[in-house]
Number of protein chains: 2
Amino acid sequence: MSGRVRIVDVASLAGVSTATVSRALSAPETVGRATRDRVMEAVRATGYRVNGAARDLRQQRARSLLILAPNLANTFFSRIFSAIQEEASAAGLAVQISDSRIGREKLVSLGYDGRADGIVLLDGAIDPDVVNGWRLPMIQLCEWNEAYRAPRIGIDNAAAARMAVEHLADLCHRSVLHVSGPDGNVLAVTRREGFSDGVAARGIAGTTLAGDFTLEAGACAARRWAELRPRPTGVFCASDECALGFISECAALGFGVPDDVSVVGFDDIDFAHRFLPALTTIRQPREALGRAAAKALVNLLGLAQVADPGDPAIAPTIVVRSSTAPPPTDDSRVATITLD
Amino acid sequence: MSGRVRIVDVASLAGVSTATVSRALSAPETVGRATRDRVMEAVRATGYRVNGAARDLRQQRARSLLILAPNLANTFFSRIFSAIQEEASAAGLAVQISDSRIGREKLVSLGYDGRADGIVLLDGAIDPDVVNGWRLPMIQLCEWNEAYRAPRIGIDNAAAARMAVEHLADLCHRSVLHVSGPDGNVLAVTRREGFSDGVAARGIAGTTLAGDFTLEAGACAARRWAELRPRPTGVFCASDECALGFISECAALGFGVPDDVSVVGFDDIDFAHRFLPALTTIRQPREALGRAAAKALVNLLGLAQVADPGDPAIAPTIVVRSSTAPPPTDDSRVATITLD
DNA sequence: CTGAAAGCGCTTACAG
DNA sequence: CTGAAAGCGCTTACAG
């Protein structure tokens, strides 16, 4: 596990105590010049590197952040992880990741085993007793749970959903469908509320179908949408994956986007601008979110080098591309089918 | 960092030594029934949990795996990470991730600081001196470097590339383009070799354009392809991202896939089957790869609970979808432009 | 400026 | 079956 050579080896080679070696390495200015040179030479000669595990135990910290996410395979997290890791690394912290669905016992241990200084929580569905039982600084990111005693970072999901509705309404859609996230999920609930508010504010018709953010949920929703009478001409999906699944299945069903139906997504994942059609979506600035969470946590740990990071404006924006357009002017298709 | 209560607290509450508490927890059968009950009661009463950091130092291990990847934001890794984490968790190991481009000094430390028992390397471009300097069990996954002294897990990239060419040739394409990865990259080199071999074996024309696996590289390649005379009718991209970028840009340029040009990707990322058109691609079983790497590393650490995991066949396969078809029979478009 | 000693929180031979 | 003691590899008051 550790490299072979320990601090005592360096000390004896340099003819000093381990205390001096330790100081020469971590606070060189407190050691006499000649001694320091001797120690450094011994360090070089032996290839010594401090054993972080031992140092951490002694200093009662872990120099490590733990990221907890509901599904590590979800590509939505990639950019967030990379941003967190960058900030953590800049603050001298390692990053540990774990799926938050590993089972209660393992989960409890994670926050208790002295191997993390703080936690970034991307899951709002963990038992609050577990979360609040951890005695570690925590930040909730993107998802949240009112019951967790930890600050939150994320976008205004209701406002974001309203933006999607606004966009569709501005395009003159009078009937819109929302393919939401799963019932228990805070993001799903909040976006759904924003959708309802937006629809009410514009006086247009709104329907909701529960999905689960996935490609397949979107595809499934497209099949259900095709059976609706009249068919909503605008669709707001609670995730880009869902939107892409919806559009893809529409194509299979013979409907074109945006000719037959307009679709707006949520997240602005990397592929969104390269999809065919390029996806109109609500942009969630994932890198900024990850960075902000990491910085906030570093602050909580009292390790901040700089002053307050100055809240980077983490506001959702709508990016309009090619998957939305005014509703079809020719209602023949709908009319024909309705008359059958 | 640690929970408040330590093993001594439990010991004194139960009226036993810390040694007994330790045994009662980790080897209950070695402790008298009455004593054990008393200890367990004290554990319950205090809410004691062992401090993993202390245990690790004592036992000279870290109970942790380190994953090193060239860019954590790359969504290709998501499923690999999740598979590794699952296997690691099953073996009682935590997982630490780091970008492998964090700078030489930090990188060296990572393998030396006693906080990882083993490493999964997804980057073949790290200085071999750094890698071989680590005294930890390692596994190379997907990417590799001959100079690293560590076993490799991955698919046969040359064979995979040949499969792509075979498919195109079977469809009667006589001229194919390969959009490769960057020059220094092993995967790029190996796939390019497979491409060349395949093309030679089938006696068809092959051209190569260097890219870098990204969406934008694919888009850029599409622009270059459009200027080629004659235009290859089949294209093999070294990654799905690249292929999607290529197809997307083709659409912008007024070319249809597969009507004007057939495109095959590499990886079979999650979106591949939902893209429009659904992408024909070489499937790289990322979950199996991650799992195999984690298992191999666990074996190397001597922690395997089960016998040999039995090599799960990690063979690439081609999955044929809608982005490939026979070349256009009508050569008018090419002819017309050529005549200009 | 430097060293002897204690201690971070555990586990594990070694005795009994 | 249980305990006293050493020790994992460091750092850090405390003296001098």
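To find a chain, count down the sequence lines: A is the first, B the second, and so on, and within it residues start at 1.
Counting heavy atoms from C-beta on, the side chains of A/D99 and A/K106 never come closer than 4.5 Å. For the pair B/E143/B/N185, a side-chain contact is recorded, criterion being any heavy-atom separation below 4.5 Å from C-beta on. Contact annotation: the side chain of B/Q96 never approaches that of A/I97 to less than 4.5 Å [non-hydrogen atoms, C-beta and beyond].
The listed nucleotides are D/dC14, C/dC10, D/dC10; the one nearest the side chain of A/R23 is D/dC14. Here the nucleotide nearest the side chain of A/L57, chosen from C/dA5, C/dC8, C/dT12, is C/dC8. Checked against C/dG3, D/dG9, C/dC10, the side chain of A/A19 finds its nearest nucleotide in C/dG3. Considering only the side chain of A/T20, C/dG3 comes nearest among D/dA5, C/dG9, C/dG3.
With both pairing distances under 3.5 Å, D/dA13 is matched to nothing as a Watson-Crick or G-U wobble pair. When both distances must be under 3.5 Å, the Watson-Crick or G-U wobble mate of C/dA4 does not exist.
Rounded to a whole Å, the CZ atom of A/R61 is 14 Å from the C1' atom of D/dT12. Here C/dC8 presents its P atom at 12 Å from CG of B/N51, a figure rounded to the nearest Å. Computed from coordinates, the B/I7 CD1 to D/dG3 P distance equals 12 Å when rounded to whole Å. Here the C1' atom of nucleotide C/dG9 and the OH atom of B/Y48 are 7 Å apart, to the nearest Å. B/R33 has its CZ atom 13 Å from the P atom of D/dC1, to the nearest Å. One can place CZ of A/R55 at 18 Å from P of C/dG9, the figure rounded to the nearest angstrom. The distance from atom CD of A/Q60 to atom P of D/dG9 is 18 Å, rounded to the nearest whole Å. D/dC10 atom P lies 9 Å from atom CG of A/D9, rounded to whole Å.
Among residues two or more places apart in sequence or in another chain, the salt bridge (charged side-chain N to carboxylate O under 4.0 Å, His left out) test is passed with B/R63 by B/D56. With sequence neighbours left out, the side-chain hydrogen bond (donor to acceptor under 3.5 Å, both in side chains) criterion links B/R291 to B/E86, B/E87, B/E287.
Remark on DNA chain D: of its neighbouring residues B/S17 and B/A54, the 5'-side contact belongs to B/S17, judged by nearest-heavy-atom nucleotide. Where B/V50 and A/A34 meet DNA chain C, the nucleotide closest to each residue was compared, and A/A34 sits on the side nearer the 5' end.
Taking only side-chain nitrogens and oxygens, B/Q59 never comes nearer than 4.0 Å to OP1 or OP2 of D/dC8.
Taking atom C1' in both C/dT12 and C/dG16, one finds a spacing of 16 Å when rounded to whole Å.
Note on B/V16: only backbone sugar-phosphate atoms sit closer than 4.0 angstrom, heavy atoms only; bases stay farther off. Using a 4.0 Å heavy-atom criterion, one finds that A/S26 contacts no nucleic acid atom at all.
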